[in-house]
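Notes for the one structure printed next.
Source: prediction; values computed, not measured. In what follows, every chain begins at residue 1, and chains take the letters A, B, ... in the order their sequences are listed. Below, each value reflects all heavy atoms present in this structure, side chains not excepted, and no hydrogens, waters or symmetry copies.
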Amino acid sequence: MLINVPESVVADGLRGLAAAHPELTVDVEQRVVVRRDAPVAGKVALVSGGGSGHEPLHAGFVGPGMLDGACPGEVFTSPVPTQMVRAAAAVDSGAGVLFVVKNYTGDVLNFEMAAELAEDEGIQVAKVLVDDDVAVTDSLYTAGRRGTGATLFVEKIAGAAAEEGAPLERVEALARRVVTRSRSFGVALSACSTPAKGGPTFDLPPGELELGVGIHGEPGRERRGMMTAGEIAEVAVDAVLDDLRPSDPVLLLVNGMGGTPLLELYGFNAEVRRVLDARRVPVARTLVGNYVTSLDMAGCSVTVCAADEELLRLWDAPVATPALRWGR
Amino acid sequence: MSTETYGAAFAVRWMDGVAAAVEREAGRLTDLDAAIGDADHGANLKRGFAAVAEALAKEPPATPGAVLVTAGGLLIATVGGASGPLYGTLLRRAGKALGEAGEVSRAELADALAAGVAAVGRLGGAVPGDKTMLDALTPAVEALRESFAAARSAAEAGALATVPLRARKGRASYLGERSVGHRDPGATSSVLLFAALEEAAAG
């Protein structure tokens, strides 16, 4: 691994982020990243956070048109409430703060505690829970669907609405709409290695793959022998469409898990598009790349969001962050 | 029936004992977590209880209740994940239930921890049988009314009984049937809590 010692991985990454991006204010000690011009007068602020190891999520999405603040936790571990409150206080202009929370028990509990503490400090807080992963059955017998690729859609679209001056209730409602209209499915071709463990977090022999994985190196629902990109695209797209039959053209995220080359991801995107065409689902916009990652895991995920005209317009709105930047 | 009472020094000894046990067992907790979770339970608890032990050594609170409230607050502030809020709430709520008494009985400790366990259940939304820390904590606080040794044994039996269960809460629940056959890491760390409690009570 390209690290100094496992204990300083997150802090080292933040120091590097600060060095590369003077347009961000990075508090390495407190682990809070905010846009330098925060708080922006009159603007609703978006704060997200989660375990580290999913970069560029979330700190790489801080900037005009997306997040105002992000709190990275330890690798694959939710940040703590004090970080979130600190971030909220740093970005709140008085117009309120939206917490974007991925649906994992740890993230949910810590953001819940943070929301209470922030409200005690007089900050108006709303929360949106992202739970797009169809590999998890949403039932009383699970912690509910995981938040994965749709987080990027939520942060971009709600962020654009906030940038345009929409009030908190409106930004929150748009974020929920994106969640309702988004679904994802992930596949691992290799396990990932956490710095603390120093090796793979589960045993996935070459020649096999895991269908329905999350983004924390947790094993998936089913193991199979290796499949072609075309076969994987069919499984992933059908899993998504089984759950959500989009009535609008979709935003498509073909996401890399961190260890798969872009050449392969683009090839996979061609297969995903082939399958979507065959299923008569029109694609309005496509994003291909490593955006919601799982350290060095090889693999990919497919996320679609049924985008009505307003969501599409907000998706196209200008954004200027380290990892997503267009339209200015 | 024992009439012995336990003060702040006992509570500090307990927390120090947990810190030492977590340090010793971190690798095992992480390995259990790797099987059905995300391989960080040991490292996270180690970080949290090390912060607790350091703070208690620097400025030991005057009552057992205050020791537990301080420890719980620090776990919430340093651990993250689900285990930070859950263990933090357990100790904070138990500490608050103990009030300002300088010395408490084992029965009072059992009542306080029962209040803590109830708060953990409310926060996490789990019940015994879901393959979580509650499977060790719930029988342990019940058995604590009998003796410290019984509490430890009950925690161990509870943790062992998670092996055949299918997880219904937390990250292991994503695995569905594949979570069966693995021991729950949270229930396993809960055993350390009660093992350290027994040792602290022995003096």
Side-chain angles (χ1 to χ4, degrees), chain A residues 6-7 31 49-51 53 71-83 104-114 117 133 135-137 139-146 191-203 212-223 294, chain B residues 26-27 29-31 33-48 50-51 73-89 92 120 122-127 129-133 165-179 182 186:
Chain A
E7 291 73 25
R31 301 189 176 183
C71 335
E74 288 293 323
V75 171
F76 292 171
T77 301
S78 157
V80 296
T82 40
Q83 281 173 274
Y104 299 96
T105 309
D107 296 66
V108 171
L109 295 183
N110 284 284
F111 268 107
E112 214 163 271
M113 291 188 157
L117 292 170
D133 181 4
V136 178
T137 316
S139 78
L140 288 173
Y141 304 107
T142 67
R145 289 182 164 168
R146 297 173 285 222
C192 61
S193 299
T194 59
K197 194 160 185 335
T201 55
F202 63 100
D203 179 42
V213 289
I215 52 173
H216 297 92
E218 63 267 57
R221 300 277 301 190
E222 195 191 343
R223 183 166 294 190
S294 188
Chain B
L29 293 175
T30 290
D31 287 345
D33 195 23
I36 56 171
D38 59 352
D40 62 2
H41 192 49
N44 287 345
L45 285 191
K46 199 168 104 176
R47 185 175 62 249
L74 276 165
L75 292 180
I76 293 170
T78 56
V79 175
S83 52
L86 292 171
Y87 274 121
T89 295
R92 259 175 67 88
V120 168
R122 279 194 300 277
L123 183 64
V127 293
D130 283 347
K131 198 175 183 113
T132 71
M133 55 198 283
L165 295 177
R166 175 185 168 147
R168 287 194 288 239
K169 290 286 168 195
R171 226 162 250 179
S173 72
Y174 304 140
L175 289 173
E177 283 299 327
R178 283 171 78 182
S179 64
H182 297 276

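When each of B/Gly80, B/Gly42, B/Gly176 is checked for heavy-atom pairs under 4.5 Å with chain A, B/Gly80 comes out on top. Here B/Ala77 is the residue among B/Ala26, B/Gly88, B/Ala77 with the most heavy-atom pairs under 4.5 Å with chain A.
When heavy atoms are compared at a cutoff of 4.5 Å, A/Val75 approaches chain B solely by way of its backbone atoms N, CA, C and O. Only the backbone of B/Ala167 comes within contact range of chain A, judged by heavy atoms closer than 4.5 Å. Of the two parts of A/Glu222, only the backbone, made up of N, CA, C and O, holds a non-hydrogen atom closer than 4.5 Å to a non-hydrogen atom of chain B. Using a 4.5 Å cut-off between heavy atoms, B/Thr78 contacts chain A through its backbone alone, with no side-chain atom that close.
Judged by distance alone, the side chain of A/Gln83 and the main-chain N or O of A/Pro72 form a donor-acceptor pair under 3.5 Å. Judged by distance alone, with hydrogens and angles left aside, the side-chain atoms of B/Asn44 form no donor-acceptor pair with the main-chain N or O of B/His41 at under 3.5 Å. In this structure a side-chain-to-backbone donor-acceptor pair under 3.5 Å is missing from B/Thr89 to B/Leu86.
For B/Arg92, there are no side-chain hydrogen bond (donor to acceptor under 3.5 Å, both in side chains) partners at least two apart in sequence or on another chain. Remark: B/Asp40 pairs with no residue by the salt bridge (charged side-chain N to carboxylate O under 4.0 Å, His left out) rule, at least two apart or across chains.
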